[in-house]
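A short write-up of the structure that comes next.
Heavy-atom basis, side chains included; hydrogens, waters and symmetry copies ignored. So that the names make sense, note that chain A is the first sequence line, chain B the second, and so on, each numbered from 1.
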Amino acid sequence: MDYQKVSSLAKRRGFFQPASEPYGGLAGFFDYGPVGVKFREKILRLWKRHYVLGLGCLELDGALVGPEALFKASGHLSEFDDPLVECEECNKNYRADQLVEGGDGMSRKEMGEALKSMCCPSCEGSLSELSAFNLMFATEVGAGRGVKGYLRPETAQSIFQCFPWLYRLNRNKMPLAVSQIGRSYRNEISPRQGLLRMREFTQMEVEHFFLSENEPSIPSHLGGVSLVLVPNEGESLETNIENAVKNDIVGSSLVGTHLAAAQAFLLSVGIPKESLRWRQHRKDEMAHYSQDCWDGEIKTSIGWVEVVGVAHRGDYDLQSHGKSSGVEFRVPVPGTSKTVEKWVLNVGALGKEFKSKAGDIQKIVTDMELVPGMEISLDGGVISLGEEFFKKEITQESEMVYPCVVEPSFGLDRLFYSILETAWKEDGERQWLSLPKMVSPYDVLVAPLMTKDGLAERAKEICNMLLENGIDAFYDESGSIGRRYARADEVGIFFSMTVDHQTLEDGTVTLRERDSKNQSRVPIDDALSKLGR
RNA sequence: GCGGGCGUGGUGUAGCCUGGUAUCACUCAAGCUUGCCAAGUUUGUGACCCGGGUUCAAAUCCCGGCGCCCGCACCA
């Protein structure tokens, strides 16, 4: 299915449509409708099953707005602020810092000066003034002289700034995996292609923290997962992840683990394996924080779509937040704990001896190494502090390091779109969404064969019973039974339950399976157990 | 942001050049009918992206905005 068809299906059946539609829409923003919400819910549920249950992630739901200092530390304030110039003749846009030699480290002013003597590289026309854009949405927090705040450009920062808290809640243990599902905001210059490039989007993300000297190895159930890898150098190949790491095609076992885990998840939501590949970023397309990055890409009608990035972010983020905030973001390295004996001032003795001068002495020695017998200058003279002015303190100290982090980050909206495209099936007149049971928007369609003879009433009762049992049932009595099946097929409902005269007699219903259209007659209780996920 | 194309019920469209408030199909709703795969039939709901201009009169012509598609650039 192509882009146009997805959009039209989405609007017709209630998956999504442009936001603020009555006012002509707003580029880059979308509303998810009744069916879309259900569908998203099912994807999220499965994702949580993989990552929260499977991997034992702690969950976080961070605030969307953060202070300027946070994004200064994360690097987004400077990295998202690109200087632009435009050719006044041919209207081509250039990144000023790439156009000017050595523009990388220049200030805006220097760059502006340098550009004055330059012209357009392609047509030699004259260049416009420097303009800047920042991809972050800014806002004012509070009344009057409010503080400047920004909508987060990635959910990750919520986790990073929470790291000391989360580490404590994990009872100071590493590794530590934290997951978060939430929205992020980027003021894209030109959002295109609907859900694929939005200004407000949902990320499903894990930050998997670990100590580099203690990197988790690949769990046995993932080692054999076979992936199509496209490294930034050399030929693409298909191999299992254990070999890929062993042969250094993938440079980190935890990155490898997450590539395999991400693929397992993608297959479970119905992405066909043959439409999936893992492409390594070139050095020059890597984000400012990234050491290595592999994109999970799905083949669609508009090309390969990146739906997940697995990035090795090193210790970049924790280090910047640690240094910027002054809070401890490091953790002790296990096995490096050692007993340290050191001298500290005996303030009591000092006070008795030196009275009012004691405070001055404390100040003087603040930055000095404390040893009995040390000499200090005081009031023009030199005095020696004997052992009586010191106490021996014995403490345990460990080597402290910033943990590294590997981050699988899914774009829910892109995945949503890609599933719709790849799951769409056409067979003559018939067209349907061949979604796996686990992500079908509804568990079952409940339909009376006809509305007469109390069948509708009985069907409604059954529908309510299903809902009370936690089954996501959808009731439909309108139109011929074939039409109702067709409607259900189009939103990917996996089962259809039909209530007929026999139901009134013996309590059985027919269950129809979407893809095969096969029907079987079963007692309602059996049907109930088949419908759960 | 730039250049080109485009914007008509829920969906897909005709009409636009040559101004006179709109075509067709599907969908949807109500009824009849049928009773397990989009059937038939009757009735019905529902649209000219927004704003301004020209004109007696604008879906139609002109200008601006917004949105969509393609290309350029951008894509952490």
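- Rounded to whole Å, the C1' atom of B:rU45 lies 39 Å from the corresponding atom of B:rG4.
- Using the Watson-Crick or G-U wobble rule with both distances under 3.5 Å, B:rC48 pairs with nothing in any strand shown.
- Residue A:Pro18 is classed as having no contact, given no heavy-atom separation below 4.0 Å to the nucleic acid.
- Summarising the base pairing, B:rC37 is matched to no nucleotide, lacking a Watson-Crick or G-U wobble pair whose two defining distances lie under 3.5 Å.
- Here B:rC72 sits opposite B:rG1 as a Watson-Crick or G-U wobble pair (both hydrogen-bonding atom distances under 3.5 Å).
- Nucleic acid contact for A:Ser8: sugar-phosphate only, since backbone atoms but no base atoms lie under 4.0 Å from a heavy atom of the residue.
- Put simply, the side chain of A:Ser190 and the base of B:rA73 share a donor and an acceptor less than 3.5 Å apart.
- For the pair A:Arg199 (side chain) and A:Leu26 (backbone), a donor-acceptor distance under 3.5 Å is absent.
- Panel note: side chain A:Ser179, backbone A:Glu59; no donor-acceptor pair is recorded below 3.5 Å.
- Across all strands shown, B:rC16 forms no Watson-Crick or G-U wobble pair with both key distances under 3.5 Å.
- Among the protein residues, A:Lys11 comes within range of the sugar-phosphate backbone only, with heavy atoms under 4.0 Å from sugar or phosphate atoms but none that close to a base.
- Pairing for B:rU43 is with B:rA29, a Watson-Crick or G-U wobble pair whose two hydrogen-bonding atom distances lie under 3.5 Å.
- Of the candidates B:rA30, B:rC36, B:rA38, B:rA38 carries the atom nearest the A:Ser480 side chain, counting heavy atoms from C-beta on.
- Nucleotides B:rU27 and B:rU42 have their P atoms positioned 15 Å apart, rounded to a whole Å.
- At a threshold of 4.0 angstrom between heavy atoms, the contacts of A:Thr510 include nucleobase atoms, whether or not backbone atoms are also involved.
- Nearest to the side chain of A:Arg192, among B:rA29, B:rC68, B:rA73, sits B:rA73.
- At a cut-off of 3.5 Å, with distance as the only test, no side-chain donor of A:Glu154 or A:Ser184 sits close to an acceptor on the other residue.
- Geometrically, A:Arg277 engages A:Trp304 in a cation-pi contact defined by less than 6.0 Å to the ring centre and at most 45° from the axis.
- At a threshold of 4.0 angstrom between heavy atoms, the contacts of A:Asp500 include nucleobase atoms, whether or not backbone atoms are also involved.
- Base pairing of B:rG67: its partner is B:rC6, meeting the Watson-Crick or G-U wobble criterion (both donor-acceptor distances under 3.5 Å).
- To the nearest 0.5 Å, atom CG of residue A:Asn518 and atom CG of residue A:Leu511 are 11.5 Å apart.
- In the set B:rU34, B:rC72, B:rC36, the nucleotide with an atom closest to the side chain of A:Gln519 is B:rC36.
- Counting non-hydrogen atoms under 4.0 angstrom, A:Glu21 reaches nothing in the nucleic acid.
- Counting non-hydrogen atoms under 4.0 angstrom, A:Arg197 reaches a base of the nucleic acid.
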